[in-house]
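These notes concern the structure reproduced below.
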There are 2 protein chains.
Amino acid sequence: MNRVIEKYRASGLKLTPQRLAILKHLEGNKDHPSAEEIFRSVQKQFRTMSFATVYNTLELLVSRGDLAELSIDAAKKRFDPDSRPHHHLICKRCSSIVDIFQDFDIELPKTLKSEFRVFGHHIEFYGLCPRCSGNQQAGNH
Amino acid sequence: MNRVIEKYRASGLKLTPQRLAILKHLEGNKDHPSAEEIFRSVQKQFRTMSFATVYNTLELLVSRGDLAELSIDAAKKRFDPDSRPHHHLICKRCSSIVDIFQDFDIELPKTLKSEFRVFGHHIEFYGLCPRCSGNQQAGNH
DNA sequence: TTTCTTGCAAAGATTTTGCAATTGC
DNA sequence: GCAATTGCAAAATCTTTGCAAGAAA
């Protein structure tokens, strides 16, 4: 995310401490956090932090392509700062998400390709994480 | 969905007219409707229809494996009555969803497979539908 | 009659928005 | 100082829930 900060500076956006804290929280984050998790974390540093700022910043990052918004979890949007193309594996019990860095050879039928303009694809694997598969009681995180 | 009705009857669930109307609306439906779309449609026949009944019925169907809940659309849950395994293609502009009935050969790395218990996978293709790719103005549906 | 289901209304959860006050540049 | 950003609070969505009344079997 450090290069994201440089990009910010270069395009005239303001580097407010709130934004920097959000960027810092996202940097290298493998938890695929929701907006609320990001809010709670950053609020520890900024007591006056608001959801508006979190959502504003997330929307900005997504629109600039520096953050991916995942729709893999039906309950809420989750965010992924890793910009490398990859897939995800979600635990159906605790909703934890892990990255899958493997390239699969996926080719759509030609008939469809001529109608739709397809940009890309994303594979969602689902199952039970090690913790949940051995524990019927395990809840969310 | 007719066989779903038989299954219902066989397991002692009540076949209320509201449920039958919801099942009828879902039968053969390729629109991947949201709960609200189902509600609006069925409400035309039952003026007193409530969201509770729609959500109750959808949850029941999902729990019995007769309906798939899609998390492909970040804005809301959408439902798919087609129980055959398949994938989806979503239009990033109007959020329309079309089915992809093609089987891709997807194999996870062994290391992951030994940790996670993986049940299955779902591929989300994204792009622009024919209508939206030729029309910058196109809105939702 | 018994049990399940409905409808209503309220509550919960997530996300968005308007706008005055503030702050980075 | 100007324009972008923040914080607050209210509102907009989507979904769930409690419970009394009603209906299927």
Side-chain angles (χ1 to χ4, degrees), chain A residues 4-23 25 32-64 67 69-79 95 139-141, chain B residues 4-23 25 32-64 67 69-79 95 139-141:
Chain A
V4 175
I5 293 177
E6 292 311 315
K7 274 179 59 181
Y8 255 100
R9 190 167 268 131
S11 53
L13 290 167
K14 291 181 180 175
L15 291 175
T16 66
Q18 292 90 337
R19 276 187 179 163
L20 289 172
I22 293 172
L23 284 170
H25 178 76
H32 309 83
S34 66
E36 204 217 335
E37 284 157 356
I38 295 164
F39 169 73
R40 277 209 309 270
S41 163
V42 181
Q43 200 190 28
K44 288 174 188 163
Q45 299 164 59
F46 296 92
R47 296 297 153 70
T48 60
M49 168 70 59
S50 72
F51 266 103
T53 299
V54 172
Y55 278 105
N56 278 345
T57 302
L58 294 178
E59 186 193 350
L60 182 71
L61 289 170
V62 169
S63 73
R64 292 165 66 89
L67 184 67
E69 178 187 294
L70 305 181
S71 56
I72 190 177
D73 185 341
K76 54 189 167 240
K77 292 178 186 169
R78 293 174 64 165
F79 297 88
S95 296
N140 281 47
H141 287 290
Chain B
V4 175
I5 293 178
E6 292 312 313
K7 274 180 59 182
Y8 254 100
R9 189 168 270 132
S11 53
L13 289 169
K14 292 182 180 174
L15 291 174
T16 66
Q18 292 91 336
R19 277 186 179 165
L20 289 172
I22 292 172
L23 285 169
H25 179 76
H32 308 83
S34 66
E36 204 218 334
E37 284 157 357
I38 295 165
F39 169 73
R40 277 209 309 270
S41 164
V42 182
Q43 201 190 29
K44 289 173 187 164
Q45 299 163 61
F46 296 92
R47 295 298 153 69
T48 60
M49 168 70 59
S50 72
F51 266 104
T53 299
V54 173
Y55 277 106
N56 278 344
T57 303
L58 294 178
E59 186 192 351
L60 183 71
L61 290 170
V62 169
S63 73
R64 293 165 65 89
L67 184 67
E69 178 187 293
L70 305 181
S71 56
I72 189 176
D73 185 342
K76 54 189 167 242
K77 291 177 186 170
R78 294 176 63 166
F79 297 89
S95 296
N140 280 46
H141 285 291

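In the text below, chain A, chain B and the rest are named by the order of the sequence lines, each starting its count at 1. Just so you know, these numbers use all the heavy atoms, side chains as well, and skip hydrogens, waters and symmetry mates.
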- line: Smallest heavy-atom separation, B:Phe39 atom then B:Met49 atom, equals CE1-O, 3.2 Å
message: For the helix from C:dT1-D:dA25 to C:dC25-D:dG1, what angle separates the axis at the start from the axis at the finish, each from five pairs, in steps of 10°?
response: 30°
message: For B:Ile72 versus A:Ser71, what's the shortest heavy-atom pair and its separation?
response: O-OG, 3.2 Å
message: Whole angstroms only, please: what is the CZ-C1' distance between A:Phe39 and C:dT14?
response: 13 Å
- prompt: Rounding to a whole Å, what distance do you find between A:Asp73:CG and C:dT14:C1'?
  reply: 12 Å
query: Where each residue is assigned the nucleotide of DNA chain C containing its nearest heavy atom, which of A:Lys77 and A:Pro17 is assigned the position nearer the 5′ end?
result: A:Lys77
- request: List the atom of A:Thr53, the atom of A:Ile22, and the distance in Å for their closest heavy-atom pair.
  value: O-CD1, 4.2 Å
query: In whole Å, what is the span from the CG atom of B:Leu60 to the C1' atom of C:dC4?
result: 11 Å
- prompt: Which sits closer to the 5' end of DNA chain C, B:Tyr8 or A:Phe79, going by the nucleotide each is nearest to?
  reply: B:Tyr8
- request: Identify whether the distance between the nearest side-chain nitrogen and carboxylate oxygen of B:Arg40 and B:Glu37 falls below 4.0 Å.
  value: no
- request: To the nearest Å, give me how far apart NZ (B:Lys76) and C1' (C:dA13) are.
  value: 17 Å
query: Got a second to check how far B:Ser34's OG is from B:Arg78's CZ, nearest 0.5 Å?
result: 7.0 Å
Residue whose nearest DNA chain D nucleotide is more 5′ - B:Glu36 or B:Leu15: B:Glu36
field: CZ-NE2 distance between A:Phe79 and A:His32, expressed to the nearest 0.5 angstrom
entry: 12.5 Å
- prompt: Among all residues two or more places apart in sequence or in another chain, which pass the side chain to side chain donor-acceptor pair (under 3.5 Å) test with A:Thr57?
  reply: none
Set of salt bridge (charged side-chain N to carboxylate O under 4.0 Å, His left out) partners for B:Glu59, sequence neighbours left out: none
- request: To the nearest Å, give me how far apart CZ (A:Arg40) and C1' (C:dA13) are.
  value: 13 Å
query: OP1 or OP2 of C:dT16 sitting under 4.0 Å from any side-chain N/O of A:Tyr55?
result: no
- prompt: Between atom CD1 of A:Ile5 and atom CG of A:Leu23, what is the distance when rounded to the nearest 0.5 Å?
  reply: 5.5 Å
statement: Rounded to whole Å, the CD1-C1' distance (A:Ile5 to C:dG24) equals 15 Å
Side-chain polar contacts of residues 10-21 of chain B - donor-acceptor pairs under 3.5 angstrom, sequence neighbours left out - could you list them?
residue : atom : partner : partner atom : Å
B:Ser11 : OG   : B:Lys7  : O            : 3.0
B:Ser11 : OG   : B:Tyr8  : O            : 3.2
B:Ser11 : OG   : B:Arg64 : NH1          : 3.3
B:Ser11 : OG   : B:Arg64 : NH2          : 3.0
B:Thr16 : OG1  : B:Arg19 : N            : 3.2
B:Arg19 : NH1  : B:Lys14 : O            : 3.1

query: Which residues in residues 44-54 of chain B have at least one heavy atom lying under 4.0 Å from any atom of DNA chain D?
result: B:Ala52
CD on B:Glu69 to CG on B:Leu61, rounded to 0.5 Å: 12.0 Å
- request: Shoot me the first and last contacting nucleotide of DNA chain D against chain A, ordered 5' to 3', at under 4.0 angstrom to non-hydrogen atoms.
  value: D:dA3 to D:dC8
